[in-house]
Amino acid sequence: MRKVVGVINLIDEKNDLSELTSHRSFASVPFAGRYRLIDFSLSSMTNAGINTVAVFTREKYRSLLDHLGSGKEWDLDRHQGGLFFQPPASEERIENGDIRSFYENLSYFKRSLSNYVVVTNGKLVWNVDFNSVIDEHEENGADITLVYKPCDDPYVSGNTYNVLYTNEENRVEKLNLDVEPLPGDDVYLNTFVMKSSLLISIVEESMETGKYKSVNEAIASNLERYNVHGCHFGGYVTFIDNVESYYRYSMELLDPNVTQELFYNKGPIYTKVKHEAPAKYDESSTVANSLIANGCKISGTVENSILFRGIRVGKGAIIRNSIIMQKCEIGEGAVIENVILDKDVSVSPHEKVTSEDEPRVIAKSTVI
């Protein structure tokens, strides 16, 4: 029986979501009305029976620690295995990439006595079957398997990703790091499978020689040395890199086909549960094509929007094409359009908060 441990690697996170990441890590950014971004990769791991998972953090991880807690919601509060939260040991680790982070946590892999390690990141919105990835890894006799998706997103222009190229046998022949992909390129999702012993060897050798600062760099430089295969992920997955993509992919959740694939076709997506009353809709309310979380009280109009927990929408207020996070207060007659409100924002009665082009972000606890 194969034993697998997981790592959600947040070391290379970039805080590119404006005010949304000014006080929290990328992985803990709220998404889809009740979730955090990390919930998708973490849930996919537990759905695959991976019951030992470490989260390698970088900075601003207080909200992430509060969200994950003991790991109970993901069935990771257990005596053997479970959830391991690994904050940075030093500023040097942050500056020098993830090799140092893996090196400082080698005991995690050695104590686990695992056959394989699955490493992914906390910014992907997807629902992936990691057991199928490991099956493909074994069938190919691969040393390392990299998960990728063809670049069919017209909005990735101007952003950099890791792009891989495979031959007819799907063996990776080239891995270019931090490049702008062209249409049809295969984008590596910073998700890989390898034997734990191989990862330990790569990390120790990299630290001894000082040649590589990241695991991806070590893989890219040794494609002839290792049997590296690509695993095509054909399901729904996002490329969230900035406020525009966060907004766009959030709004895609109003498409029932997207929500069906993410939440119903495979295993469930778990999150920290907040016990609140169901949303309440007054007679004066009008709601269309929106996601409304529990604890909300709606007295105005909500269209094409996503409302997180505990939102108060006053009578005559209008919310269109917007994302409103927890505990915001929208006063009577206020107008909100094409806006992202971070949590605890208060909009006074009859105020207008709108944006014509790119979505406008209002920072946490702002009073307008």
Side-chain angles (χ1 to χ4, degrees), residues 1-9 12 40-56 81 98-99 102 105-106 108-110 112-122 124 126-150 161-177 185-206 212 214-237 265-267:
M1 180 179 178
R2 65 194 184 196
K3 186 174 182 181
V4 184
V5 298
V7 173
I8 298 182
N9 183 13
D12 292 328
F40 295 88
S41 289
L42 185 57
S43 296
S44 292
M45 285 191 172
T46 56
N47 288 335
I50 302 174
N51 54 31
T52 303
V53 181
V55 179
F56 290 177
D98 62 12
I99 281 290
F102 279 95
N105 291 286
L106 283 183
Y108 165 74
F109 304 102
K110 294 178 179 179
S112 70
L113 302 177
S114 58
N115 306 111
Y116 295 108
V117 57
V118 175
V119 177
T120 188
N121 58 85
L124 296 174
W126 62 343
N127 196 335
V128 56
D129 183 356
F130 281 120
N131 279 324
S132 294
V133 177
I134 298 171
D135 289 342
E136 185 170 329
H137 174 83
E138 292 181 332
E139 291 168 3
N140 288 326
D143 295 321
I144 305 170
T145 293
L146 310 181
V147 181
Y148 70 88
K149 180 173 177 62
Y161 302 87
N162 299 329
V163 175
L164 58 80
Y165 302 89
T166 59
N167 61 20
E168 294 180 355
E169 288 76 37
N170 219 26
R171 179 163 179 167
V172 179
E173 295 185 324
K174 183 186 296 185
L175 175 60
N176 293 337
L177 305 180
D185 281 349
D186 293 327
V187 176
Y188 167 45
L189 299 176
N190 292 319
T191 300
F192 63 79
V193 176
M194 70 173 74
K195 286 186 176 180
S196 299
S197 57
L198 178 57
L199 177 62
I200 292 170
S201 175
I202 289 174
V203 170
E204 289 181 335
E205 182 178 322
S206 297
Y212 310 118
S214 71
V215 175
N216 284 339
E217 184 183 354
I219 295 173
S221 301
N222 290 277
L223 294 176
E224 295 183 358
R225 178 180 179 185
Y226 302 120
N227 182 10
V228 183
H229 274 255
C231 175
H232 170 236
F233 177 69
Y236 180 87
V237 62
N265 286 354
K266 297 179 182 177

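Note that this is a predicted model, so its numbers are computed, not measured.
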Step by step, work out the side-chain contact (heavy atoms from CB on, under 4.5 Å) result for L124 and L189. CA-CA 8 Å; L124 296 174; L189 299 176; 4.1 Å; yes
Is a side-chain N or O of [X] found less than 3.5 angstrom from the main chain of [Y], in a donor-acceptor match?
X	Y	value
D98	V215	yes
K3	S112	yes
N176	V163	no
N131	A48	yes
S44	F40	yes

Which residues share a salt bridge (Lys or Arg N to Asp or Glu O under 4.0 Å) with [X], sequence neighbours left out:
X	result
D129	none
K195	none
E204	K110

Taking it one step at a time, do S197 and F109 satisfy side-chain contact (heavy atoms from CB on, under 4.5 Å)? CA-CA 8 Å; S197 57; F109 304 102; over 6 Å; no
Among V172, D185, D186, the one residue meeting side chain to side chain contact (heavy atoms under 4.5 Å, CB included) with Y165: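 Among V172, D185, D186, the one meeting side chain to side chain contact (heavy atoms under 4.5 Å, CB included) with Y165 is D185.
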Which of these, V118, T145, L146, I219, sits in a side chain to side chain contact (heavy atoms under 4.5 Å, CB included) with M194?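 Only match with M194 under side chain to side chain contact (heavy atoms under 4.5 Å, CB included): I219.
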Could I get the full list of side-chain contact (heavy atoms from CB on, under 4.5 Å) partners for N190, not counting sequence neighbours?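 Applying side-chain contact (heavy atoms from CB on, under 4.5 Å) to N190 gives N121, N162, Y188, N216.
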Can you name the residues that form a ring pair (Phe, Tyr, Trp, His ring centres under 6.0 Å) with [X], not counting sequence neighbours?
X	value
Y236	none
Y116	H137
Y148	H232

Does any part of the side chain of [Y], heavy atoms only, come nearer than 4.5 Å to the side chain of [X], both counted from C-beta?
X	Y	answer
N140	N170	no
F192	V228	no
N9	F102	yes

Do you know which two heavy atoms are closest between N127 and G267, and how far apart they sit?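 Distance-wise, the nearest heavy atoms are ND2-O, 2.8 Å.
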Nearest heavy-atom pair of G6 and I50: which atoms, and what distance?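 Closest heavy-atom pair between G6 and I50: N-CG2, 3.6 Å.
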Who are the side chain to side chain donor-acceptor pair (under 3.5 Å) partners of [X], not counting sequence neighbours?
X	value
E205	R225
S206	none
Y108	none
T52	none

Under the salt bridge (charged side-chain N to carboxylate O under 4.0 Å, His left out) rule, what pairs show up with a residue in residues 162-174, not counting sequence neighbours?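 Applying salt bridge (charged side-chain N to carboxylate O under 4.0 Å, His left out) to every pair that reaches into residues 162-174, excluding sequence neighbours, yields nothing.
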